[in-house]
Amino acid sequence: MHHPTYGTHMKIKSQLSQIIKKVLEDANIEAEDIVISDATKPEFGDYQFNGVMRLAKILRKNPRQIAMDVVKHIDTTGMITKVEVAGPGFINIWLDNRWISTQANSILEDKRVGVGLVENSQKVVVDYSGPNMAKQMHVGHLRSSIIGDTLATLLEFLGDEVIRQNHIGDWGTQFGMLIAHLEEQGADGNQNLQDLEQFYKDAKVRFDESEEFANIAREYVVKIQSGDEHCLNLWRQFIDKSLGHCEEVYAKLGVNLTRNDVRAESFYNSELPNIIKILKDKNISTNSNGAECVFVDGEDKPPVIIQKRDGGFLYATTDLSALKFRAGELEADRICYVVDARQGQHFKQVFSISKQANIVGESVALEHIAFGTMMDRSGKPFKTRDGGTIKLIDLLDEAVIRAKETIKKRNEYSEAELNRVATAIGIGAVKYADLSISRESNYLFSWDKMLSFDGNTALYMQYAYARIQSIFRKHNAEIIGEIKIDDELEHKLALMILKFEDTLTKASIEATPHTITSYLYDLVTLFMKFYEQNPILKDGVEKEVKMSRLQLSKLTANVIEKGLDILGIEVVDRI
RNA sequence: GCACCCAUAGUUCAGCUGGAUAGAACGCUAGUUUGCGGUACUGGAGGUCACAGGUUCGAAUCCUGUUGGGUGUACCA
């Protein structure tokens, strides 16, 4: 896996690591990765370097001695104000208040709040959402949609060229049934498509009850596949309508997917035989029991079937074709699949085949951005059983209704304002709850938890933001002046603000949105403490101090706003 | 059967390219407070990091095994 190189704009850790590296080099000590970590305790400073012990082992020298040498040669007149050796050879680092305030002051008017652009911009394909056109979007599509959208937004913000790909499921045998039903209903059909779920059920009933209908449905599958215009028209009509449903959900969710991002399964149809040919020609696939197979994991393990005995193709073939398109036509450097963890094996195999067959170049990074299952309160997955699925659209509507209940009593709202605020809060709650869990673990869905003002929730962030806006309203004048740090909490808060870039960088490399939410939570908690102890607008606060604290508040609000924006969550000025 | 994932406070979760006394939140509990939005802030109790070995200066983190749970596994996607 190769990682992009980032600029040194505000990258604190990389600056520190360069300082240490230089000092070690001057002492003729070679070190590959200088990993700087956040100090584990306040008394250990702001950052620490723990790598000396490892180096000492290799060099067979006393770690404390090396650490002492390093510390002696570190310049403490600039960024770093103090370094010390502790324990067996830890190096603790304190950053200078003036340096921090200079950095903070330099980003007061910066829309990017100090976050630079990547030096080596990559072309990144992010494949996410991928709903099935035969059905209405349900809770199972939620995580892919919002994690994928966040990843895309994040990478774009950091300067990568992002190509969103919505690999919608628009092909397969069930469409024969659906368009047969659509045609049978004639003019009413379009009307009945309002409720796709019901339409699917009705079609299924017809399929089961009428032999004649079932035969037509089967015929239609063949006809679509052979390019029959009449059937294709019905099919397009159906897909268009279904996609419209999805767009409604995207609009409500605030997910940035448009028709331009749709690259449906069917898009790859004509290319599938070519994939088989490539794999056959390279002797990667073999015929086994009539099916064309690739034995990725060995002869004794189940193979990946790329062509069925009856000549049909499977989704592995489609994915290989999509990989070819993305690496070839789209020229991607990195391809991210935001898909349920349960498909891990599939992607491992498909990635492996694509590299082996050189369908995808050696340098292209292929990543399965896996996520866990959404569970209900009893710890069971939201299952996709007939009739029992929770439609995503209903879930989102409920979120907004619940948000209204939560905030209604707080303030007098006009109806328009209540709707706007409740939407931001309700949708934000759903998204934040999902994004704040490390994505690979399963996720327990709880309305009460996600709509709480307490704890690591969107509402807590939005509340903090609104509270800061309220300070500005009360101040009701220009904020002019510089940040000056002479207090421990100011030091911590300003430094936290400056850590935004390191946080986003980490989140982008590991594709972990929860890195961002944890950071925001820490930031907001810190701000609340700062605000509690450092009066801003109270009588008796000197003007310079007041301005400095207002500026810190402003930067905090800017980071919250930008951070939430990357997560696809809106802020409001008043709750 | 085989493969992958998971197991951390009563609960929901962080921490995992090895580092100092394992962190939050909720809940419980004790405070602050005539409050620049108190849905705030401060403190306390609560842990054999599933279990057993191993690697080493040092393990929640890496390796092996055991137990318990989840998922996937030849012609759906």
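In what follows, chains are A, B, ... by sequence order, proteins preceding strands, each numbered from 1. The analysis underlying the following values was restricted to heavy atoms, covering all of them including side chains, and did not include hydrogens, waters or symmetry mates.
Judged by distance alone, the side chain of T150(A) and the main-chain N or O of I146(A) form a donor-acceptor pair under 3.5 Å. Remark: side-chain polar atoms of R143(A) are not paired, donor with acceptor, to backbone N or O of M374(A) under 3.5 angstrom.
Among residue pairs with one or both ends in residues 289-304 of chain A, those qualifying as side chain to side chain donor-acceptor pair (under 3.5 Å) are S285(A)-E292(A), D297(A)-Q349(A); sequence neighbours excluded. Annotation: side chain to side chain donor-acceptor pair (under 3.5 Å) contacts involving residues 530-542 of chain A, sequence neighbours excluded, comprise D487(A)-N534(A). Identified under the salt bridge (Lys or Arg N to Asp or Glu O under 4.0 Å) test for residues 47-56 of chain A, with sequence neighbours left out: none. Pairs passing the side chain to side chain donor-acceptor pair (under 3.5 Å) check and including a residue from residues 399-411 of chain A, sequence neighbours excluded, read E398(A)-R402(A), K404(A)-N419(A), E405(A)-K408(A), N411(A)-R574(A).
Note on A466(A): a base of the nucleic acid sits closer than 4.0 angstrom, heavy atoms only. Residue-level contact check: I575(A) touches the bases, meaning some heavy atom is under 4.0 Å from a base atom. If you check every strand for non-hydrogen atoms under 4.0 Å, A86(A) touches a base. N287(A) comes within 4.0 angstrom of no nucleic acid atom, judged by non-hydrogen atoms across all strands. Base engagement by F44(A) is indicated by at least one non-hydrogen atom pair under 4.0 Å involving a base atom.
Checking the phosphate oxygens (OP1, OP2) of rG37(B), a side-chain nitrogen or oxygen of Y531(A) falls inside 4.0 Å.
Between Y463(A) and Y460(A), a ring centre-to-centre spacing not shorter than 6.0 Å is recorded. The six-membered or imidazole ring of F325(A) lies near that of F267(A), with a centre-to-centre distance under 6.0 Å. For F90(A) and F44(A), the gap between ring centers reaches or exceeds 6.0 Å. With ring centers used as reference points, F527(A) lies 6.0 Å or more from Y465(A).
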Side-chain donor-acceptor pairs of residues 61-71 of chain A under 3.5 Å, sequence neighbours excluded:
{"from": "N62(A)", "atom 1": "OD1", "to": "R64(A)", "atom 2": "N", "distance (Å)": "2.9"}
{"from": "R64(A)", "atom 1": "NH1", "to": "G87(A)", "atom 2": "O", "distance (Å)": "2.6"}

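The local environment of CD in E544(A) is sparse, with at most 12 non-hydrogen atoms from other residues, nucleotides or ligands closer than 6.0 Å. More than 12 non-hydrogen atoms from other residues, nucleotides or ligands lie less than 6.0 angstrom from CD of E43(A).
Within 3.5 Å, no donor on the side chain of E265(A) pairs with an acceptor on the base of rA77(B), nor the reverse.
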A correct 5'-to-3' footprint of nucleotides 2-15 of chain B, with B, S and - meaning base, sugar-phosphate only and no protein heavy atom under 4.0 Å, is S---------BSSS
Classify every nucleotide of nucleotides 24-31 of chain B by which part a protein heavy atom approaches to under 4.0 Å, writing B for the base, S for the sugar-phosphate alone and - for neither, in 5'-to-3' order.
SSS-----
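Counting only Watson-Crick or G-U wobble pairs whose defining distances are both under 3.5 Å, the stems of 3 or more consecutive pairs in RNA chain B are B:1-5 with B:69-73, B:10-13 with B:23-26, B:28-32 with B:40-44, B:50-54 with B:62-66.
Residues passing the side-chain hydrogen bond (donor to acceptor under 3.5 Å, both in side chains) test with K546(A), sequence neighbours excluded: none.
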Mind listing the N/O atom pairs, protein and nucleotides 55-60 of chain B, below 3.5 Å?
none

Taking only N/O atoms, report every protein-nucleotides 74-76 of chain B pair under 3.5 Å with atom names and distance.
{"from": "rA74(B)", "atom 1": "N6", "to": "S288(A)", "atom 2": "OG", "distance (Å)": "3.2"}
{"from": "rA74(B)", "atom 1": "N1", "to": "S288(A)", "atom 2": "OG", "distance (Å)": "2.7"}
{"from": "rC75(B)", "atom 1": "O2", "to": "R309(A)", "atom 2": "N", "distance (Å)": "2.9"}
{"from": "rC75(B)", "atom 1": "N4", "to": "N289(A)", "atom 2": "O", "distance (Å)": "3.1"}
{"from": "rC75(B)", "atom 1": "N4", "to": "R309(A)", "atom 2": "NH2", "distance (Å)": "3.1"}
{"from": "rC76(B)", "atom 1": "OP2", "to": "K308(A)", "atom 2": "NZ", "distance (Å)": "2.8"}

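Taking only side-chain atoms of K41(A), from C-beta outward, the nucleotide of rA40(B), rC36(B), rA20(B) with the closest atom is rA20(B).
For the contact set between residues 469-479 of chain A and RNA chain B, defined by any heavy atom under 4.0 Å, the members are S470(A), R473(A), K474(A).
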